[in-house]
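Just below is one structure, and these are the notes that go with it.
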Protein chains: 2
Amino acid sequence: MRIPILKLKRYLLISVQVDLDDQTALQFQEDLLNKIHQEGSAGVVIDLTSVDMIDSFIAKVLGDVVEMSNLMGAKVVLTGIQPGVAITLIDMGIMLEEVPTALDLEQGLDKLQQELEA
Amino acid sequence: MRIPILKLKRYLLISVQVDLDDQTALQFQEDLLNKIHQEGSAGVVIDLTSVDMIDSFIAKVLGDVVEMSNLMGAKVVLTGIQPGVAITLIDMGIMLEEVPTALDLEQGLDKLQQELEA
């Protein structure tokens, strides 16, 4: 199955509301990069509110997605990171220091707008 | 599987990007009504851009979702209705005359804002 990617003006919105297995995560990575390219998106908000836990593979894929999107010129904001997810990301050494985060989707969008105007 | 429902301020955004089977459609109906209740949403945009075709059962469920949401006090805008979907809806006698429609998600959101301010 695929994770839906919503286009809203210059941004892409993704709310991950399924358990991310390896296949879904890789498909998402590919879909998102294609969509950024296709739409010429300036920014992406990935909302992880519904994700309780991730394993090391998914953590790596997420870290990669952020870096790849940045390389392509799209700013990524992660929102709704839960404790378990934060722990796995840091344990895995996935540094998201440069990545803006926010509490939820709307704050993520606001943040994106600030970052892009800065 | 469930169709993700994104909350953005007073609105809910849904982009249907899977084939709607009966079970998924009914689950979506239930999830959406629960979410409207839970978030006290003023409006809903359902984007059908990725849906090529629907059968009579799905058409009925969609029509019902719109009426139920309206009953609960949330305005629904449908966006991205493709020819095949439009044909099925009308053939089925599902009258969406009162339902605002728009080309895509962002125009749908604009329309929702106009409707709610009117």
Side-chain angles (χ1 to χ4, degrees), chain A residues 1-21 23-25 27-36 38-52 76-82 102-114 116, chain B residues 1-21 23-25 27-36 38-52 76-82 102-114 116:
Chain A
M1 69 144 294
R2 294 169 114 109
I3 296 175
I5 299 171
L6 281 68
K7 175 181 171 286
L8 192 66
K9 291 168 193 163
R10 301 157 62 211
Y11 309 127
L12 299 178
L13 310 183
I14 302 101
S15 172
V16 181
Q17 300 185 353
V18 289
D19 286 331
L20 283 168
D21 58 52
Q23 184 53 42
T24 306
Q27 180 75 57
F28 167 63
Q29 185 179 80
E30 191 186 326
D31 288 349
L32 180 60
L33 299 179
N34 283 332
K35 195 91 174 173
I36 290 172
Q38 184 185 323
E39 307 285 355
S41 306
V44 179
V45 183
I46 304 178
D47 183 46
L48 300 171
T49 306
S50 309
V51 179
D52 304 322
V76 180
V77 174
L78 293 177
T79 63
I81 295 184
Q82 291 201 32
L103 207 61
D104 59 21
L105 199 61
E106 56 225 63
Q107 290 184 27
L109 267 178
D110 289 346
K111 196 137 200 173
L112 205 50
Q113 245 152 351
Q114 285 164 24
L116 289 170
Chain B
M1 67 143 296
R2 295 169 114 109
I3 295 174
I5 300 171
L6 281 69
K7 175 182 171 286
L8 193 66
K9 294 172 192 157
R10 301 157 62 211
Y11 308 126
L12 298 177
L13 310 183
I14 301 100
S15 172
V16 181
Q17 300 186 352
V18 290
D19 285 331
L20 283 168
D21 58 52
Q23 184 52 43
T24 306
Q27 179 75 56
F28 167 63
Q29 185 179 79
E30 190 186 326
D31 287 349
L32 179 60
L33 299 178
N34 282 333
K35 194 91 175 175
I36 289 171
Q38 183 185 323
E39 307 286 355
S41 305
V44 179
V45 183
I46 304 178
D47 182 47
L48 299 172
T49 306
S50 309
V51 179
D52 303 323
V76 180
V77 174
L78 293 176
T79 64
I81 295 183
Q82 291 201 33
L103 206 62
D104 59 21
L105 199 60
E106 56 225 63
Q107 291 183 27
L109 267 177
D110 289 346
K111 196 137 199 172
L112 205 49
Q113 247 153 350
Q114 286 164 22
L116 289 169

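Numbers restart at 1 for each chain; the letters A, B, ... are given by sequence-line order, proteins then strands. Note that this is a predicted model, so its numbers are computed, not measured.
Among all heavy-atom pairs drawn from B:Pro4 and A:Ser15, the shortest one is CB-O, 4.1 Å.
How far CG of A:Asp104 is from CG of B:Leu6: 11.0 Å, rounded to the nearest 0.5 Å. To the nearest 0.5 angstrom, B:Ile5 atom CD1 is 10.5 Å from A:Ser50 atom OG. For the atom pair NZ (B:Lys7) and CG (A:Asp47), the distance works out to 10.5 Å, reported to the nearest 0.5 Å.
With a threshold of 4.5 angstrom between heavy atoms, A:Glu106 approaches chain B through its backbone and through its side chain.
No more than 12 heavy-atom neighbours from other residues, nucleotides or ligands sit within 6.0 angstrom of CG on B:Asp19.
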